[in-house]
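Chain A is the first sequence line, chain B the second, and so forth, proteins listed ahead of strands; every chain is numbered from 1.
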Amino acid sequence: MPLAKRANSKTNGKHIKSEDSSDDDNVPLAKKVKLEKKPTKKRPAPKVENSSDDEKPLAKVRKDIKKVPKVKAEDEKKVVKKQTEKVEEDEAEAQYKWWEQGNDDDGSTKWNELEHNGVLFPPAYEPHGIKMKYDGKPISLSPEAEEVASFFAALIETDHGKNPVFQKNFFADWQEILKKDDKNPKITDFEKCDFRPMFEHFELEKERKKQLTKAEKQEEKTKVEEPYLYAIVDGRKEKVGNFRIEPPGLFRGRGDHPKTGRLKHRVMPEQVTLNLGENAPIPKPLPGHKWGGVVHIHEATWLASWKENINGTIKYVFLAATSSWKGQSDMQKFEKARELKKHVNRIRKDYRQQLNDKLMETRQRATAMYLIDVLALRAGNEKGDDEADTVGCCSLRYEHVTLEPPNTLVFDFLGKDSIRYHNSVTVDPQVFKNIKIFKKQVGPDNMIFDRLTTMSLNKHLGSYMKGLTAKVFRTYNASHTFQEQLDKLTRESDSVHDKLLSYNRANREVAILCNHQRSVSKNHGQMIAKIEDKIRAMKYQRKRLRRQIIQLDPKMKKSKMEEMQAESDLEDEWIEEHQKDLLVKEREKITTKFEKNNEKLVSEGQAALPEKELKEKLKAVDEMEKEMKKEKQTGKIELKPNASIDKLLAQITKLDERIKATKNQALDKEEGKETALSTSKLNYIDPRISALWCKKHNVPVEKVFSKTLRDKFQWAMEVDDDWKF
DNA sequence: GGATCTACTTAGAAAGAGAAGG
DNA sequence: CCTTCTCTTTCTAAGTAGATCC
């Protein structure tokens with residue numbers, strides 16, 4: 001598959017041929033263009049660190065550390081001292097209220113003394129001995145081969161397990177493992193493998209686990225994990241986030257990832273580097289093992305790191321989201337986005353003007369900025385060909401944008417996580433013109449912004465405001481949109497319930513802007529059908545009520561006719577079905593109640609009630625059935641003795657409301673079926689907007705933030721009333 | 001000045017827990 | 001009370017972006 005290519009020689013040294021002559025003619029091209037095609041990125045084969053028996057890696061890491069720029073010693077000391085004093089004063093109070101201590105003048109973060117207990121390693125693999133089949137016959141596998149087979153077996157019913165690339169990659173890696181022990185059978189054909197016995201074993205295990213009570217599940221876990229949950233950071237006790245090292249398994253790459261299904265190795269202590277305070281005790285590795293290294297990088301927040309074997313990327317153990325380091329940087333992120341408010345008008349004015357700049361590079365940059373600002377696209381770093389082919393703004397290719405004159409652009413590409421971005425947008429005519437020109441210049445398969453990189457774009461943005469990058473626009477526009485929508489939708493007179501509806505609507509606007517999706521749940525259709533049935537049932541009730549009114553006072557007929565008409569979706573067939581259903585359900589209800597009662601009586605040593613009793617009870621339903629038949633024949637409904645028009649009307653009003661509410665619920669579910677609100681809430685919307693809104697409108701915060709979110713956003717909970725995003 | 005490395009945030013899937021419905 | 005549906009939490013992949021290397 002051809003990777004994104006930068007400009008080829010076709011465009012080199014030429015002038016932009018304007019698509020329409022009314023456009024500024026002959027825009028000179030930017031100086032020279034790099035001619036080389038993007039070289040295929042070939043990552044050097046990851047050095048296999050075999051550190052178990054020599055000191056090299058450790059020494060190596062130590063050397064590296066010397067290169068880490070030293071934080072000015074004074075600053076460092078100052079902070080340490082300040083925080084230590086505070087801790088001594090009142091440890092509990094100081095623990096989480098870092099935001100009241102004020103920030104450092106230069107806004108930088110300094111990480112100080114760090115001690116922690118350690119990183120939890122999983123125990124080695126324990127074979128289960130369940131025999132899978134090959135060519136129809138049960139086979140025995142070495143423990144290692146059994147483990148890898150189990151990884152796959154657990155997934156055979158999932159999309160991953162059915163994905164041919166996943167299967168191929170798994171099979172190749174599994175064969176390598178099989179070869180390691182010559183007692184393993186020769187397995188050469190994936191098609192002949194039957195993993196089902198193992199799969200079923202795991203399903204059973206799952207069931208068994210489910211049966212355990214809450215307490216049983218908790219107890220063992222908490223006991224083992226207890227020592228690993230917290231780290232002491234600058235004297236504060238902070239929660240550790242992902243303290244469990246990632247267990248071995250099959251790499252579950254998203255989208256068309258060429259490496260999906262490959263075996264992810266078990267990580268051993270020798271591969272792990274710890275980052276902690278110079279004076280902190282070094283936690284003990286597994287018996288018989290040693291750590292890959294111990295470092296003291298004060299300006300990093302990670303506690304431990306290791307290199308993962310699939311893509312050669314570094315994985316980290318960080319503090320939890322509730323920690324001060326994470327909270328601090330979260331707050332800084334939103335403060336930066338708020339600072340953009342002061343500059344955004346100028347920036348917008350500039351890029352609009354530069355949309356027809358003579359310099360190609362500038363014009364591309366302006367166009368990209370427009371897209372990032374208006375559509376909240378991601379920056380779009382370039383990717384290698386050993387990853388899924390996904391793009392962002394700067395890496396958009398020819399085929400990702402189509403032109404619909406006069407000025408509509410249709411975007412259709414796979415973004416982060418291979419989530420489809422499909423959007424038809426009417427844009428500024430000059431943006432349309434530009435895309436048309438760029439596309440013509442670069443040709444199919446090539447990147448539209450061939451003179452632009454995320455680096456150059458961010459460098460430019462940085463000239464407007466310190467620390468401004470493409471991603472700040474997403475944060476800014478998300479929070480801004482949320483505040484705007486929330487203000488627009490919230491009615492002071494609304495109930496808490498309705499206010500929450502508005503809150504979620506505003507949230508959804510943001511999620512749509514950011515294209516946050518979720519897969520439609522398997523039984524969504526079923527669920528909607530159920531709700532629709534419920535609505536119909538209520539309509540049927542309402543229809544009967546109206547009939548009764550007419551029976552009571554035939555003069556009402558005329559005025560009610562129109563409304564009756566509106567219920568045309570209540571077909572006779574459906575009504576009949578519905579009535580039958582009602583009867584069946586009623587009978588079931590009575591029967592199960594009767595049986596349960598009998599079981600109870602028997603267990604208490606009493607005699608069960610005779611079958612006759614049940615028949616007696618069921619007679620009431622027979623009665624109902626008769627009445628329904630009669631109703632159908634005569635078209636008359638048996639009126640209750642105390643029926644009155646007023647009462648019936650009141651019932652109708654109530655039903656109307658319920659129908660409306662249920663309809664809303666259905667609409668809400670349908671609209672939200674593929675939009676995930678959580679991501680924007682967690683990462684893009686300044687939590688202070690929510691905190692203030694709750695306060696102002698008397699909505700309890702726990703209605704909008706779950707426990708974890710409240711903990712994460714603790715820094716944002718107390719805001720001045722006049723604060724605005 | 002691009003490629004690579006590193007460190008961090010952002011993302012949806014999957015697992016788990018809790019609430020609602022029968 | 002048990003099952004089913006829904007919301008929350010956990011997990012780790014996949015981005016962004018700065019620093020460093022060459």
Just to confirm, is there a sub-4.0 Å distance from OP1 or OP2 of [N] to any side-chain nitrogen or oxygen of [X]?
X	N	answer
A:K315	C:dT12	no
A:S329	B:dC8	no
A:R254	B:dG12	no
A:T469	C:dG18	no
A:K471	C:dG15	no
A:K307	B:dC5	no
A:N381	C:dG15	no
A:T313	C:dA14	no
A:N242	C:dC11	no
A:S418	C:dA14	no
A:K333	B:dT10	yes

Practice task
Look at A:E205 together with A:R208 and state whether they make a salt bridge at an N to O cut-off of under 4.0 Å.
Solution key: yes

Problem - Identified salt bridge (charged side-chain N to carboxylate O under 4.0 Å, His left out) partner of A:E246 from the options A:K307, A:R266, A:R252, A:K264 - result: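 The residue from A:K307, A:R266, A:R252, A:K264 that satisfies salt bridge (charged side-chain N to carboxylate O under 4.0 Å, His left out) with A:E246 turns out to be A:K264.
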
Handout entry: Gap between atom OG1 of A:T453 and atom NZ of A:K459 - 0.5 Å precision
Key =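 Output value for this atom pair is 9.5 Å.
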
Handout entry: A:N458 CG to A:N381 CG distance, which is reported to the nearest 0.5 Å
Key = 8.0 Å

Pick out the pairs of N or O atoms, protein on one side and nucleotides 2-7 of chain C on the other, that lie under 3.5 Å.
unit_1 : atom_1 : unit_2 : atom_2 : d
C:dT6  : OP1    : A:K669 : NZ     : 3.4

Between [X] and [Y], is the ring centroid distance below 6.0 Å?
X	Y	result
A:F413	A:H422	no
A:F334	A:F713	no
A:H516	A:Y684	yes

Which part of the nucleic acid does [X] contact within heavy-atom distance under 4.0 Å: base, sugar-phosphate only, or nothing?
X	value
A:G392	nothing
A:Y684	sugar-phosphate
A:S519	sugar-phosphate

Practice task
Quick one: list whatever passes side chain to side chain donor-acceptor pair (under 3.5 Å) with A:D173, sequence neighbours left out.
Solution key: A:R262

Practice task
Would you state whether a donor and an acceptor, one from the side chain of A:K416 and one from the base of B:dT10, lie under 3.5 Å apart?
Solution key: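 Indeed, a donor on one side and an acceptor on the other fall under 3.5 Å apart.
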
Practice task
With a 4.0 Å heavy-atom cut-off, tell me which residues in residues 255-263 of chain A come close to DNA chain B, sorted by residue number.
Solution key: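 Residues of residues 255-263 of chain A that come under 4.0 Å of DNA chain B do not exist, since none gets that close.
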
Handout entry: Cation-aromatic face contact A:K326/A:F318, 6.0 Å, 45 degrees
Key =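 Yes, cation above the ring, under 6.0 Å and within 45°.
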
Handout entry: Rounded distance in Å - CD (A:E361) to P (B:dG1)
Key =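 Rounded to the whole Å, the gap is 10 Å.
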
Practice task
Would you kindly give the CD1-to-C1' distance between A:I310 and C:dA13, to the nearest whole Å?
Solution key: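 In whole Å, C:dA13 C1' and A:I310 CD1 are 12 Å from each other.
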
Handout entry: Among C:dG15, C:dA17, C:dT8, the nucleotide that comes nearest once only the side chain of A:R378 is considered
Key =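 Nearest listed nucleotide: C:dG15.
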
Problem - Donor on one side chain, acceptor on other, A:K239 and A:S323, under 3.5 Å - result: no

Exercise for the section: Please figure out whether A:M455 or A:Q517 has its closest DNA chain B nucleotide nearer the 5' end. Expected result: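 It is A:M455 whose nearest nucleotide is closer to the 5' end.
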
